[in-house]
Visitor: 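My structure is below; once you've seen it, I'll send some questions.
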Amino acid sequence: MEFSDITNIFLVLITAFYAYLTYKMTKTAQETLEEMREQRWEAMMPQILIEPYVRKNTPILYLKISNIGKNSAKKISFSIDKEFWQFGERKEHFALHNKDLFKKQFGTFHPNQELHFALAQGFILFAKEENPLCPLQFTISVKYEYLGKQLYEEFYIDLKIYVGSEQEREPLVDEIKVFHKNLVSAIKHK
């Protein structure tokens with residue numbers, strides 16, 4: 001074997017090694033690009049959030065539905081898996097499950113848009129016996145489109161977490177209540 005043959009073999013091996021490295025770099029770059037596209041898509045998509053909360057200075061639990069994402073959800077529809085009667089009253093206007101939100105599809109739900117629904121007072125929700133009109137656990141599903149893709153999410157709502165909790169008090173409100181109580185008492189004693 002001549003020197004030129006050994007040189008040629010060596011050059012073929014080096015070329016093959018560089019081809020392999022180029023292939024690996026290209027594949028890694030494609031994977032990185034795909035990951036960046038996915039991260040950008042997720043960062044820009046609508047983000048629906050459904051959560052219960054207690055409104056300050058009231059005994060009422062509410063349900064908040066919001067879009068905390070950067071874009072609108074299109075063709076959006078919600079469904080609830082149980083009947084829920086607001087305030088524990090079986091009156092048609094208190095049938096949360098029959099509100100338009102859970103019966104119709106809507107065109108768009110914009111970023112920072114929020115919906116608030118009163119559920120009931122704590123003493124109704126957390127009575128000794130669970131009120132069948134106000135289930136403490138239920139699931140809300142949402143379907144919507146974003147950039148032509150159909151998305152589906154479920155939100156499991158568990159109100160039991162609020163049992164025994166207290167809301168943050170506003171000192172000024174407490175002082176006004178004490179002042180009012182003292183004023184009423186003073187007026188009665190005159």
Visitor: Using the side-chain contact (heavy atoms from CB on, under 4.5 Å) rule, take Ile65 and Leu101 through it: C-alpha gap first, then chi angles, then the decisive distance, then the call.
Guide: CA-CA 10 Å; Ile65 301 172; Leu101 180 73; 3.4 Å; yes
Visitor: Tell me which pairs pass salt bridge (Lys or Arg N to Asp or Glu O under 4.0 Å) where either residue lies in residues 67-79, with sequence neighbours left out.
Guide: Lys75-Glu145
Visitor: Is Met45 reachable from Tyr152 through a run of hydrophobic residues whose side-chain heavy atoms are each under 4.5 Å from the next?
Guide: no
Visitor: Verify the neighbour count for atom OH of Tyr20: are there more than 12 heavy atoms of other residues, nucleotides or ligands below 6.0 Å?
Guide: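 Not more than 12 within 6.0 Å, no.
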Visitor: What pairs with His110 under side chain to side chain contact (heavy atoms under 4.5 Å, CB included), at least two apart in sequence or on another chain?
Guide: Ser72, Thr108, Gln113
Visitor: How about Tyr23: does its OH atom have over 12 heavy atoms from other parts shown lying under 6.0 Å from it?
Guide: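 Counting other residues, nucleotides and ligands, OH of Tyr23 stays at 12 neighbours or fewer.
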Visitor: Find the distance between CG (Leu96) and CZ (Phe102) and round it off to the nearest 0.5 Å.
Guide: 4.5 Å
Visitor: Taking side-chain hydrogen bond (donor to acceptor under 3.5 Å, both in side chains) as the criterion, tell me which of Glu83, His93, Glu92 meets it with Asn98.
Guide: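 That would be Glu92.
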Visitor: Other hydrophobic cluster members with Phe87, side-chain heavy atoms of Ile/Leu/Val/Met/Phe/Trp/Tyr under 4.5 Å, chained?
Guide: Tyr53, Ile60, Tyr62, Phe94
Visitor: Listed by chain and number, what are the side chain to side chain donor-acceptor pair (under 3.5 Å) partners of Asn131, not counting sequence neighbours?
Guide: none
Visitor: Kindly give the cluster partners of Trp85, where membership spreads through any ILVMFWY side chain lying under 4.5 Å from a current member.
Guide: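 Besides Trp85, the hydrophobic cluster comprises Leu133, listed by chain and residue number.
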Visitor: Quick check for you: to the nearest 0.5 Å, what is the distance between Phe155 atom CZ and Ile140 atom CD1?
Guide: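 Reported to 0.5 Å precision, the distance equals 9.0 Å.
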Visitor: In terms of hydrophobic clustering (I, L, V, M, F, W, Y; side-chain heavy atoms under 4.5 Å; direct or indirect links), are Ile124 and Tyr162 co-clustered?
Guide: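 In one cluster: no.
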Visitor: Applying the 4.5 Å side-chain criterion to the ILVMFWY set and letting contacts propagate, would Phe126 and Leu119 be lumped into a single cluster?
Guide: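 Yes; Leu119 is reachable from Phe126 via cluster members.
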Visitor: Okay, side chain of Gln86, backbone of Ala118: is any donor-acceptor separation there less than 3.5 Å?
Guide: yes
Visitor: Test of understanding: with side chain to side chain contact (heavy atoms under 4.5 Å, CB included), list the residues that count as partners of Phe123, not counting sequence neighbours.
Guide: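 Partners of Phe123 under the side chain to side chain contact (heavy atoms under 4.5 Å, CB included) test: Gln121.
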Visitor: Taking atom NZ of Lys99 as the centre, report whether more than 12 heavy atoms of other residues, nucleotides or ligands fall under 6.0 Å from it.
Guide: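 Counting neighbours around NZ of Lys99, more than 12 heavy atoms of other residues, nucleotides or ligands fall under 6.0 Å, so yes.
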Visitor: Would you list the pairs meeting salt bridge (Lys or Arg N to Asp or Glu O under 4.0 Å) in which at least one residue belongs to residues 104-123, sequence neighbours left out?
Guide: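 Every pair satisfying salt bridge (Lys or Arg N to Asp or Glu O under 4.0 Å) with a residue in residues 104-123: Lys64-Glu114, Asp100-Lys104.
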Visitor: Between Asn67 (side chain) and Gln47 (backbone), is there a donor-acceptor pair under 3.5 Å?
Guide: yes
Visitor: What residues, two or more places apart in sequence or in another chain, satisfy ring pair (Phe, Tyr, Trp, His ring centres under 6.0 Å) together with Phe138?
Guide: Phe84
Visitor: Can you name the side chain to side chain contact (heavy atoms under 4.5 Å, CB included) partners of Thr26, sequence neighbours left out?
Guide: Thr22, Gln30
Visitor: When rounded to the nearest 0.5 angstrom, what is the spacing between NZ in Lys103 and OG in Ser77?
Guide: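 Nearest 0.5 Å value for the NZ-OG distance: 12.0 Å.
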Visitor: How would you list, by chain and number, every residue that makes a side chain to side chain donor-acceptor pair (under 3.5 Å) with Glu153, sequence neighbours excluded?
Guide: Tyr144
Visitor: Mind checking side chain to side chain contact (heavy atoms under 4.5 Å, CB included) for Ile14 and listing every partner two or more places apart, or none if nothing turns up?
Guide: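 Counting only residues at least two positions away or on another chain, Ile14 forms a side chain to side chain contact (heavy atoms under 4.5 Å, CB included) with Phe10, Tyr18.
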Visitor: Using a 4.5 Å cut-off on heavy atoms from C-beta on, say whether the side chain of Ile48 contacts that of Ile76.
Guide: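 Yes, close enough: below the 4.5 Å cut-off.
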Visitor: Do any pairs count as a salt bridge (Lys or Arg N to Asp or Glu O under 4.0 Å) and have a residue in residues 125-140, sequence neighbours left out, and if so which ones?
Guide: none
Visitor: Run the side-chain contact (heavy atoms from CB on, under 4.5 Å) check on Ile50 and Phe78 step by step: do they pass?
Guide: CA-CA 11 Å; Ile50 302 175; Phe78 298 88; 4.2 Å; yes
Visitor: side-chain contact (heavy atoms from CB on, under 4.5 Å) for Gln137 and Lys160? Distances and angles first, verdict last.
Guide: CA-CA 8 Å; Gln137 296 170 317; Lys160 289 181 180 181; 3.8 Å; yes
Visitor: Atom CG in Leu125, atom SG in Cys134: separation rounded to 0.5 Å?
Guide: 5.5 Å
Visitor: Would you say Leu115 ends up clustered with Phe106 if hydrophobic residues are merged whenever their side chains have heavy atoms under 4.5 Å apart, either directly or through other cluster members?
Guide: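 Same hydrophobic cluster.
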